[in-house]
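Just so you know, these numbers come straight off a predicted model, no measurement behind them.
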Amino acid sequence: MAEAERIIGTPDTPDADRDGQETAGTDGTAAETGRPRGKRRVAVLFAVAAFAYALDLISKMIVVAKLEHHEPIEIIGDWLRFEAIRNAGAAFGFGEAFTVIFTVIAASVIVVIIRLARKLYSLPWAIALGMLLGGALGNLTDRIFRSPGVFQGAVVDFIAPKHFAVFNLADSAIVCGGILIVLLSFRGLDPDGTVHKD
């Protein structure tokens with residue numbers, strides 16, 4: 001709990017005072033203020049999210065139109081192929097009876113990321129959170145709008161490596177964003193751009 005509060009922050013933390021403050025640059029001139037710098041990072045977050053979301057949405061539209069109910073397409077022999085499946089559960093088909101719960105989790109992740117964006121000053125964190133947001137939105141769109149019904153929709157998966165789970169571009173964005181967040185945390189870099197040592 002303390003770690004979450006440190007990362008997300010509270011309105012009473014000293015970091016909240018960074019907005020609107022200017023710091024002296026090395027050349028004696030005033031450096032950029034905290035607020036514009038934060039806005040640029042938020043813009044990166046939403047740009048990455050929009051790109052990841054658009055790629056996922058377009059790829060799923062193509063898969064449903066061209067690949068569903070057809071034979072799989074081999075990309076690298078039998079090591080990698082495109083095969084359209086509908087997954088009501090999580091990765092590896094786990095938890096197909098809990099589709100609504102996965103929908104709530106995805107929506108919660110989106111809310112947390114949007115809340116965290118108000119203190120976002122780190123470019124790597126903006127990229128990582130953008131990938132998470134885009135991936136979560138991609139799969140949430142399937143959960144809401146695809147059959148069998150609202151909040152119970154099955155996700156379209158199509159990337160099928162040999163001896164591995166079938167997944168989609170939204171899953172890839174979520175995994176890559178998660179790995180980047182872990183690496184940033186190990187390096188002690190916080191979303192507000194500060195570096196800490198535990």
Side-chain angles (χ1 to χ4, degrees), residues 1-59 90-91 95 101-144 151 155 167-198:
M1 186 66 180
E3 180 71 7
E5 289 179 353
R6 181 183 62 78
I7 292 177
I8 295 177
T10 62
D12 297 326
T13 57
D15 286 345
D17 295 331
R18 293 173 60 182
D19 286 352
Q21 289 185 351
E22 293 187 350
T23 56
T26 55
D27 59 354
T29 60
E32 62 183 353
T33 62
R35 189 175 300 277
R37 187 161 63 105
K39 286 184 179 179
R40 282 200 293 272
R41 299 307 184 252
V42 172
V44 169
L45 185 157
F46 287 113
V48 171
F51 182 72
Y53 178 66
L55 281 183
D56 179 67
L57 191 62
I58 292 169
S59 66
I101 295 177
F102 294 131
T103 303
V104 172
I105 292 172
S108 300
V109 168
I110 293 169
V111 171
V112 170
I113 291 174
I114 292 174
R115 180 170 180 256
L116 183 58
R118 66 188 175 87
K119 291 181 64 66
L120 189 60
Y121 289 83
S122 166
L123 180 60
W125 270 94
I127 294 171
L129 292 175
M131 288 190 288
L132 278 181
L133 180 59
L137 284 171
N139 284 339
L140 183 61
T141 299
D142 283 356
R143 302 289 188 194
I144 294 175
F151 301 120
V155 172
F167 58 95
N168 56 44
L169 295 183
D171 298 329
S172 300
I174 291 171
V175 170
C176 291
I179 291 173
L180 182 53
I181 286 174
V182 170
L183 293 176
L184 293 173
S185 298
F186 272 122
R187 293 190 62 183
L189 180 62
D190 289 339
D192 64 0
T194 59
V195 179
H196 71 276
K197 294 181 179 179
D198 292 332

Closest approach of [X] to [Y] (non-hydrogen atoms, all atoms of both residues):
X: Val42; Y: Ala117; result: CG2-O, 3.2 Å
X: Phe46; Y: Leu133; result: CE2-CD2, 3.8 Å
X: Ala173; Y: Ala52; result: CB-CB, 4.3 Å
X: Ala128; Y: Ile181; result: CB-CG1, 3.7 Å
X: Arg41; Y: Ala126; result: O-CB, 3.4 Å

Do [X] and [Y] have side chains that get closer than 4.5 Å, going by heavy atoms?
X: Leu180; Y: Trp125; result: no
X: Val195; Y: Asp190; result: no
X: Ile174; Y: Val109; result: no
X: Val175; Y: Phe167; result: no

Look up atom [atom1] in [X] and atom [atom2] in [Y], then write down how far apart they are to the nearest 0.5 Å.
X: Cys176; Y: Leu169; atom1: SG; atom2: CG; value: 10.5 Å
X: Leu120; Y: Arg115; atom1: CG; atom2: CZ; value: 14.0 Å
X: Tyr53; Y: Ile58; atom1: OH; atom2: CD1; value: 10.5 Å
X: Ile110; Y: Leu132; atom1: CD1; atom2: CG; value: 10.5 Å

*Passing candidate, side chain to side chain contact (heavy atoms under 4.5 Å, CB included) with Leu116, options Leu45, Leu129, Val111*: Leu129
*Please list, chain by chain and in numerical order, all residues satisfying salt bridge (Lys or Arg N to Asp or Glu O under 4.0 Å) with Asp56, sequence neighbours excluded.*
Lys60
*Under the side-chain contact (heavy atoms from CB on, under 4.5 Å) criterion, do Leu140 and Thr103 qualify, and how do the steps go?*
CA-CA 6 Å; Leu140 183 61; Thr103 303; 3.6 Å; yes
